[in-house]
2 protein chains.
Amino acid sequence: MDAEQLRECGHKMVDFIADYYKTIETIPVLSQVEVAHLLNFIFFSFFFTLVVAECAILCFTDVSLSHFLVFCLIADVKAKILPGVTHWQSPNYFAYYPSNSSIAGFLGEMLSAGVNIVGFSWITSPAATELEMIVLDWLGKMLKLPEDFLSSGNHLDVRLGSNSCDKVLQRIWYYVLGQGGGVIQGTASEAVLVVLLAARDKVLGRVGKNSLEKLVVYASDQTHSALQKACQKNGIWFHVDAAYAGSACICPEYRHYLDGVEEADSFNMNAHKWLLTNFDCSALWVKVRVFPVSISLKLWMVLRLYGLENLQCYIRNHINLAKYFEGLVAGDSRFEVVSPRIFSLVCFRLLPPDDNEDVGNKLNHDLLDAVNSSGRAFISHTVLSGKYILRFAIGAPLTEERHVAAAWKILQDEASALIGVP
Amino acid sequence: MDAEQLRECGHKMVDFIADYYKTIETIPVLSQVEVAHLLNFIFFSFFFTLVVAECAILCFTDVSLSHFLVFCLIADVKAKILPGVTHWQSPNYFAYYPSNSSIAGFLGEMLSAGVNIVGFSWITSPAATELEMIVLDWLGKMLKLPEDFLSSGNHLDVRLGSNSCDKVLQRIWYYVLGQGGGVIQGTASEAVLVVLLAARDKVLGRVGKNSLEKLVVYASDQTHSALQKACQKNGIWFHVDAAYAGSACICPEYRHYLDGVEEADSFNMNAHKWLLTNFDCSALWVKVRVFPVSISLKLWMVLRLYGLENLQCYIRNHINLAKYFEGLVAGDSRFEVVSPRIFSLVCFRLLPPDDNEDVGNKLNHDLLDAVNSSGRAFISHTVLSGKYILRFAIGAPLTEERHVAAAWKILQDEASALIGVP
């Protein structure tokens, strides 16, 4: 960890990444490599590494050698790794869901990695625990979560577990504090797992340890009605997962999608999806505290550097682009929008000829393949009630109207090649 | 994501981190702040963020303004966050266990965050899946794991799950391939969870789904004997967790601690503990493949930039420093080494006066407090059979003999203040 070596290598890597963003628009968004692209690089082997290491060991702390090694490393990244990368940050990325970083997220991740902050208990880095409480309170307020999801005022006992093992700390946070607050998990799935364990312990504590097999988990994809029903059931732990759309609820005009969250025991959304914080950063709020495990620096950077209004603009811009795309689809009689667009995801398809769904599915599959293999746009699909549906998800930080228009042009052209002009 | 903004801010952050390493030795290793240090910063509030955001929105893409914002941000980090950080990278850090980064780990994390690589299925970034297989094969070979833990030759079907949801991919990797390989998990606990689920599915597949409550999990802290017994039990899934000490087994002279691993169904070690790869990076190998989820870039950087011999030197150096410390303790009649040192952890204590264990526990607790509150070294403790034991764990990349000697001097001086000179 020689400081000057770190400085030199770090600057080189920053330049590489900045240059990457200068050309990102011209790179095929979907990786064009064949299977085993990397695996087939003979020289990309451990033995090559050993040869380089042999050189390195001769003069390991010398800055010029580290310069040379980083030069080789970046050359490897360019030649071998980048061709195998699918560019989620590309403005031509419209697949799956957004999962994006930003300058602030990048700086936060750098700082975490550079200082190597470890936060498994208060004493292992007091700032990690406290910043997580502060930042998740900020985000909770941006989402207008009820007060009992916030940590404010609940912080006096945070050092109870100091210098003890993390299991003790978990128990203290969990059982002693018993108050609300936010914690960062890796993903929404991890958040659900944590919540399931908390719910299980809560219920078993009441009905007895031997009743495990009597517990039932209800899940629904119709969140809004589930919310109504769940509120009328006693004795359940009610969790709301707003992994993707949660970010939109920082805008007052979309906040009503969270109406009823005050009845929930826990709520989560992924800041790493649509809130400019790079993976992973899933925010979980509970009315009964679970435990802090993660590092909030990158989320702090995002909120601190951009602030509420800029983040609201960011979300609204994507939703407006999705509206624009929806209009384009609706204006072409060969296509249909298959479900109402709410946020920035448009589900659509080519209409099946003669109502033949099998032919329609094949057509839409071929259209997806043609668009994606062009490398000029990347969209994904889903299957709903046997129908092959195309998904156009807008959320990359660099996407502008011209990228959406260009992607639509590709879709139209490929559709014409498949079934002719309208 | 303006490229020039990113370049300027990134360079500033690199300089901040490099400067941090120039002074790290002079900073108190254990954070000296009181509880609620950050929480009590009034101006560290969301509303302040909003004011800054108001400025920012006026001219959001202007490089000079972004310069100003990053200047403010770094000033905040220095004034408010760093005092609340416990410095795991400090050469005076001897607590818990090592959990360290390196220049290579830092560069890998930067690259992952900068390019924002998402790797939940092959198509979402082919290089992520393939690099993970390659790098864990390298590390597996460094550890001389049996062939059936390696991916080599098993890669032909990796794209079966392309463009499908990750659950489908998991199933494909899990059930169709059914071959060995390495995957990266976040922590050893996550690795154990994945392995438990895999074991449960394997056993329930044989004995029927309704036998869940008949399953038993055995755990032992006497790994070596457990290994012998487990090999003689049929029908169990046998997992070996070498989270900390696994790194040492890249040295031939310590590899024998893994003898018998060929009988295991799964094995894991944390590269983020003692192998210079920043948190999180827990390597898990299984004979029946589970699924790839993580990003191996930082581990690749570490192996690629340092190579086997340098990493072996790194491990041996720490173990030699621990031997040196053990010798120092043994040479002072007031202390005892309480359990045999194997790797780089020395467990020791002040001998209890008149064999009074209660007084001894209080003494060792007071000694720990005195050393840690000095800010000049940070050690941790454990309780074994009612005895309060001090743990001196060596593993920070910057630790040299002089830091160990200085820490021992502090321990001796504080001991003299408590019970007098020998």
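Source: prediction; values computed, not measured. Order of the sequence lines sets the chain letters (A, B, ...), proteins ahead of strands, with each chain counted from 1.
Top candidate by heavy-atom pairs under 4.5 Å with chain A, chosen from B:Leu276, B:Leu297, B:Leu6, is B:Leu6. Here A:Ile103 is the residue among A:Ile117, A:Ile103, A:Val85 with the most heavy-atom pairs under 4.5 Å with chain B. The residue among B:His11, B:His272, B:His87, B:Met301 with the most heavy atom pairs within less than 4.5 Å of chain A is B:His11. Options B:Val135, B:Val77, B:Ile24 differ in how many heavy-atom pairs under 4.5 Å they form with chain A, and the most are formed by B:Val77. Note on B:Lys12, B:Lys22, B:Glu190: by heavy-atom pairs under 4.5 Å with chain A, the leading option is B:Lys22. Between chain B and the residues A:Ile74, A:Asn278, A:Leu107, the largest count of heavy-atom pairs under 4.5 Å involves A:Leu107.
Put simply, CG on A:Asp76 and CG on A:Leu82 are 11.0 Å apart, with the number rounded to the nearest 0.5 Å. For the atom pair A:Lys141 NZ and A:Leu308 CG, the distance stands at 12.5 Å (nearest 0.5 Å).
The stretch residues 108-128 of chain A participates, sequence neighbours left out, in these salt bridge (charged side-chain N to carboxylate O under 4.0 Å, His left out) pairs: A:Glu109-A:Lys298.
The minimum heavy-atom distance between A:Pro83 and A:Ser31, with the atom names listed, is O-OG, 2.8 Å.
Contacts between B:Leu30 and chain A at a heavy-atom distance below 4.5 Å involve the side chain alone, from C-beta outward. Using a 4.5 Å cut-off between heavy atoms, B:Leu398 touches chain A through its side chain atoms alone. Residue B:Leu193 touches chain A through its side chain alone, counting heavy-atom pairs closer than 4.5 Å.
The closest side-chain donor-acceptor pair between B:Arg391 and B:Thr382, if any, does not fall under 3.5 angstrom.
Ring geometry for B:Trp88 against B:Tyr96 counts as parallel: the plane angle stays under 30°, on a 0 to 90° scale with 60° as the upper cut.
Residues forming a salt bridge (Lys or Arg N to Asp or Glu O under 4.0 Å) with B:Arg7 (at least two apart in sequence, or on another chain): A:Asp15, A:Asp19, B:Glu4.
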